Amino acid sequence: MVEGVIRQIRELIPRGKRLKIMNVCGSHEHTISSSGIRSLMPEGLELIPGPGCPVCVCPESDIINAIELSRRDDVLLVTYGDMLRVPSREGSIISNGRNFRMVTSPSEVVRIAREDKDRKVIFFSIGFETTTAPVAAILETGMPENLYILSSHRLTPRIMEVLVMDSEIGIDGFIAPGHVSAIVGADAWRVFPERYGIPVVVAGFEPENLLLGLLELLRQINDGRPYVGNVYRHVVRPQGNTTAQRLINKYFTVSDVNWRAIGNIPRSGLELRDEYARADAKRVFGLKEVKESKIPGCICDRVVLGKAYPDDCRLFKKACTPERPKGPCMVSIEGACNIWFKNR
Amino acid sequence: MCVGVPMRLVEIDYPFGVAEAKGVRRNIGLQLLPEGEIKIGDYVIVHVGFAIEKLDKREADEIWKGYEELLGLMEEGDA
């Protein structure tokens with residue numbers, strides 16, 4: 001079956017034509033890189049990794065604030081493993097922080113806060129919609145009084161819209177992220193075919209499913225009739241998970257936020273609503289925005305925006321490796337540089 | 001970050017539950033699915049310890065099969 005799909009994909013790329021298909025999910029890039037899908041694609045079809053890594057786009061300011069918070073005696077900072085190693089000009093949480101702990105789930109954060117009553121537990125919480133919903137869930141069930149959220153959540157449809165408007169990239173189609181779509185719904189991507197004429201297909205994470213998605217995208221491009229396709233139908237509904245959406249909207253509000261090395265993007269992030277200011281680490285601890293520094297030689301910003309491949313960077317595999325990452329895209333297992341390092 | 005795995009619900013004490021896959025059991029949160037729409041034996045996609053969506057057994061098996069193939073390829077790549 002896979003061979004058949006690849007043959008059909010090849011037939012759909014006319015000679016001399018160049019098409020750019022972007023994925024916006026680290027797990028999709030993982031599948032594409034580790035299964036060798038990219039190497040099977042015909043010349044003229046570029047599969048570009050886009051902003052699918054929330055660790056990579058988390059602003060340096062939030063990381064520096066997290067490091068400083070963890071140095072307070074009365075604080076325990078908790079966050080996902082990758083966040084501990086992301087570099088900033090003040091080092092990383094693991095190298096320069098003091099009281100910190102890795103977690104794999106927001107429920108673990110609640111348990112830690114209950115057990116560590118004497119300290120203020122701050123959850124440095126990052127991620128796109130899929131990872132925001134569980135945080136809304138713990139807020140809904142009730143958080144311990146000593147638990148605070150440092151929200152660095154970002155919205156996927158907004159960054160994709162920014163990419164579409166950027167003529168340097170020239171995207172011909174999107175593979176939409178499967179589990180973000182499970183939350184926001186396939187219909188959330190309709191803006192792309194309807195307003196920008198760009199086809200979208202929601203896909204899952206197995207190689208075969210991803211190839212089917214790619215095939216459907218190419219058919220749309222060939223027919224000149226863009227729409228939102230969905231080959232991950234058994235998990236993603238057109239309207240998405242409305243319970244999750246309701247909870248996210250109940251606790252979070254959309255805000256203008258910075259993306260690392262990219263800058264401010266209006267209405268692209270989420271912060272806690274005023275009613276829940278008591279749990280908002282930024283407000284409770286009076287955190288200030290720190291001006292971002294540039295990492296010399298690092299082109300993570302261009303990699304995140306799909307303007308460059310990881311191996312276009314002169315630091316890639318030389319000064320920058322997963323063991324000694326210079327830029328955020330090499331740290332996270334969802335970062336394009338990390339994924340390319342492991343698969344080439 | 002957005003990795004989600006299909007698991008089978010084996011215990012429900014809403015809004016919490018226990019789900020199982022490949023012999024591994026995990027406590028999960030069920031807040032993102034309405035109480036009336038889930039029952040023991042249902043398959044769900046679990047992401048960072050929370051069920052984010054339901055799916056049926058055939059689909060869960062298909063996803064696992066795909067993941068296992070991918071893991072096999074990655075191991076070959078490491079060798």
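Proteins come first, then strands; the chains are lettered A, B, ... in the order of their sequence lines, and each starts at number 1. Computed from a prediction, not measured in an experiment: that's the story for all the values here.
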Query raised in the report: Quick one: what part of B/Lys54 sits under 4.5 Å from any heavy atom of chain A, side chain, backbone, both or neither?
Result: backbone

Query raised in the report: At what distance, to the nearest 0.5 angstrom, does CZ of B/Phe16 lie from OG of A/Ser107?
Result: 7.5 Å

Query raised in the report: Is there side-chain contact between A/His234 and B/Asp56, with at least one heavy-atom pair below 4.5 Å?
Result: no

**Report entry** Structural part of B/Ile63 lying under 4.5 Å from a heavy atom of chain A
**Finding:** both

Query raised in the report: Can you check whether B/Ile52 reaches A/Ile183 side chain to side chain, under 4.5 Å on heavy atoms?
Result: yes

Query - A/Asp187: partners by salt bridge (charged side-chain N to carboxylate O under 4.0 Å, His left out), with sequence neighbours left out - result: none

Query raised in the report: Any idea which heavy atoms bring B/Gln31 and A/Thr141 closest together, and the distance?
Result: NE2-OG1, 2.6 Å

Query raised in the report: Quick one: does B/Glu69's side chain get under 4.5 Å of A/Val2's, heavy atoms only?
Result: no

Query - Under 3.5 Å donor-acceptor, A/Thr243 side chain and B/Leu33 backbone - result: no

Query - Contacting moiety of B/Pro34, where chain A heavy atoms sit under 4.5 Å - result: both

Report task. Using a strict cut-off of less than 4.0 Å between a Lys/Arg side-chain nitrogen and an Asp/Glu carboxylate oxygen, indicate whether B/Glu53 and A/Arg237 qualify as a salt bridge. Result -> yes

Report summary line: Sorted by chain and residue number, the disulfide bond (SG atoms under 2.5 Å apart) partners of A/Cys329 (sequence neighbours excluded) come out as none

